[in-house]
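Only one structure is covered here, and it is reproduced in the block below.
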Amino acid sequence: MRRLLLWMARNRWLRDHLPRLWFARRAVRRFMPGEDPASALDAAARFKAEGIASEFTRLGENVTTVEEGDAVAEHYLGLLADIRARDIDGEVSVKLTQLGYDLDVERTLAHARRLAERAAESGKTLWVDMEGSAYAEGTIAFYERLKATNPNTGLCLQSYLRRTAEDIQRLLPLSPQIRLVKGAYAEPPAIAYQGKHDVDTNYVSAAVALLDAMHAGHTVRLGLGTHDVRLIEQIAEHAAALGLPKASFEVQMLYGIRMDQQRRLASEGYLVRDLIAYGEAWYPWYMRRLAERPANVLFALRQIIG
Ligand code: FDA
C-alpha cells in the first residue's frame, strides 16, 4: 500500500487530474487549513494562543522554469513580511527544487540567502527540506554554503538514509540547526533502511548523537520532526539524563496530525512547532501523508462519503 501510494504521488497523470475532483479537495482539508497563505497564518495565530509555534511551507516542488523559482522566492519574502506584521512565532521551510535548484543552483542559493536575511530580521530560522535521495548530497553541500553566510538556517535530515549518522558528524562543526525526520520517499535498500525498527533505531541514535554533541559544548538546534511520541519520550529521557533542559530540542509535527499530542507536549513545557502547509500543489505531498499511514486512506474515504 505504501509503495502504491508513493507511486501515485509521482504519477504525472494523476497529479494533473486528481486534485480537480471535489472529493479529493475535501479530503485534503484534514492536513491543511486552506490553499491560501491567509488560512495558514490564521491557523498559526490560533496555535500561538495555545503556546504552539508554527512553520510554513507552500506546497510545490521541481519547478520547470527559473521564473517559477523566482516567483516562489518573492512569495516567501512576502510571507515573511506577513509573519512579522502579524507577530506570529512562525518560520519558513522551503524545498530547494521549488526555488529552481534543478535549473540553476547559484540562483537558488541567492534566493535562499535573501530569504534567510529576511527571516533574520525577526530572529527566525529558514529551514531547508530534504527531498528524495537524488538530492541528498547536493542539498547538504548547499546547506554548508548557506550556513557559512547565514547562520539562521536549518536543514532536514532523514533517519531512513544510511548516510545520516555521517552527515551529522560532517555538519557538527557548522553549529547546525537540524530537523530530524524519518523520511517520506521510496528509497532502495542499498541506501536506506526499509523496516520501521531500523529507521526508528537510527532516528534515536541520530538524536542522541546531536544531544551528546550539545552536552559536549557544540551549538546545535535540534527539531524532532516526528509524530512518534514513543521515540520523542525516549529522546527526552536521554536529554534529561544529560542534564539538558526541556528546551534543548523542539518537537515539530504536521498540521492535523496528533494535535492532542502537540497540545499535551506544549502544556508540559516542551517547545512545539506545527508545520502548516498551504498552496494549490498539494497532490504529491498529500499522497505522501497517506502513504505514511495507510489507515488515512480509510479516513479519507469516510470523509468523502460522509
Ligand atoms: P511514523 O510514520 O512511524 O508514525 C508514528 C505515529 O505517528 C503513527 O503510528 C501515527 O500514529 C502517527 N502518524 C504518522 N504519520 C501520520 C499521518 N500521516 N497521519 C496520521 N497519523 C500519523 N520528510 C522528508 O522526507 N523530508 C522533509 O523535509 C520532511 N519534513 C518534515 C517536517 C516535519 C515537521 C514533519 C513532522 C515531517 C516531515 N517529513 C519530511 C515527513 C517525515 O519524513 C515522515 O514521513 C512523517 O513525519 C511520518 O513519520 P513519523 O516520524 O511521524 O513516524
Side-chain angles (χ1 to χ4, degrees), residues 1-2 5-6 9 27-28 30-32 47 52-61 90-98 101 125-136 139-140 142-143 154-161 164 167 177-187 191-204 206-207 222-235 249-262 265 271-277 282 284-300 302-303:
M1 178 66 107
R2 178 171 185 269
L5 290 164
L6 289 176
V28 79
R30 179 188 169 192
F31 295 115
M32 53 188 266
F47 284 139
I52 297 176
S54 301
E55 197 172 352
F56 301 95
T57 197
R58 181 185 176 194
L59 297 170
E61 46 206 83
E91 300 187 324
V92 162
S93 197
V94 295
K95 283 195 174 19
L96 295 187
T97 67
Q98 189 188 18
Y101 180 87
T125 290
L126 174 74
W127 290 95
V128 175
D129 284 357
M130 186 58 84
E131 303 180 57
S133 61
Y135 294 102
T139 302
I140 291 168
F142 184 99
Y143 179 64
L155 176 68
C156 179
L157 292 180
Q158 301 153 323
S159 74
Y160 65 11
L161 290 187
T164 291
D167 291 334
Q177 304 196 32
I178 304 239
R179 175 210 297 145
L180 195 60
V181 303
K182 293 190 187 178
Y185 300 81
E187 303 292 359
I191 57 163
Y193 297 109
Q194 305 293 307
K196 179 172 165 57
H197 177 75
D198 290 340
V199 175
D200 288 0
T201 305
N202 204 35
Y203 191 97
V204 174
L222 171 61
L224 300 177
T226 182
H227 312 96
D228 200 326
V229 175
R230 197 180 49 87
L231 295 192
I232 293 170
E233 279 164 2
Q234 241 175 290
I235 294 161
F249 61 87
E250 182 178 81
V251 175
Q252 302 185 352
M253 293 195 189
L254 302 180
Y255 178 91
I257 300 181
R258 304 207 107 172
M259 289 310 307
D260 54 337
Q261 294 292 342
Q262 296 189 37
L265 289 163
L271 300 176
V272 179
R273 192 172 291 279
D274 185 287
L275 175 55
I276 308 172
W282 45 259
W285 173 87
Y286 176 60
M287 296 311 283
R288 290 198 290 272
R289 300 292 80 79
L290 293 185
E292 279 155 11
R293 192 158 181 257
N296 283 339
V297 177
L298 290 179
F299 183 89
R302 270 208 302 277
Q303 275 199 324

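Below, each value reflects all heavy atoms present in this structure, side chains not excepted, and no hydrogens, waters or symmetry copies. In listed order, ligands and their atoms are each counted from 1.
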Taking [X] for the side chain and [Y] for the main chain, is one N or O donor matched with an acceptor at less than 3.5 Å?
| X | Y | answer |
| --- | --- | --- |
| T164 | Q158 | yes |
| Q262 | L254 | yes |
| E187 | Y160 | no |

Have a look at ligand 1 and work out which part of [X], if any, has a heavy atom under 4.0 Å from it: side chain, backbone, both or neither.
| X | value |
| --- | --- |
| D129 | both |
| R289 | both |
| R179 | side chain |
| L275 | side chain |
| R273 | neither |
| A184 | both |
| Y203 | neither |
| R258 | side chain |

* Look at ligand 1 and say whether R288 reaches it with a heavy atom at a distance under 4.0 Å. =>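 Contact absent.
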* Considering only the protein, which heavy-atom contact is closest to atom 7 (O) of ligand 1, and what is its distance? ->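 Protein heavy atom with the smallest distance to atom 7 (O) of ligand 1: H227 CB, 3.2 Å.
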* So which of L157, V94, T139, V181 gets nearest to atom 40 (C) of ligand 1, if we judge by its closest heavy atom? ->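 Among L157, V94, T139, V181, the closest heavy atom to atom 40 (C) of ligand 1 comes from V181.
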* **Passing option when Y193 is tested against V199, L161, D200, T201 for side chain to side chain contact (heavy atoms under 4.5 Å, CB included)** =>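 Of the listed residues V199, L161, D200, T201, the side chain to side chain contact (heavy atoms under 4.5 Å, CB included) partner of Y193 is V199.
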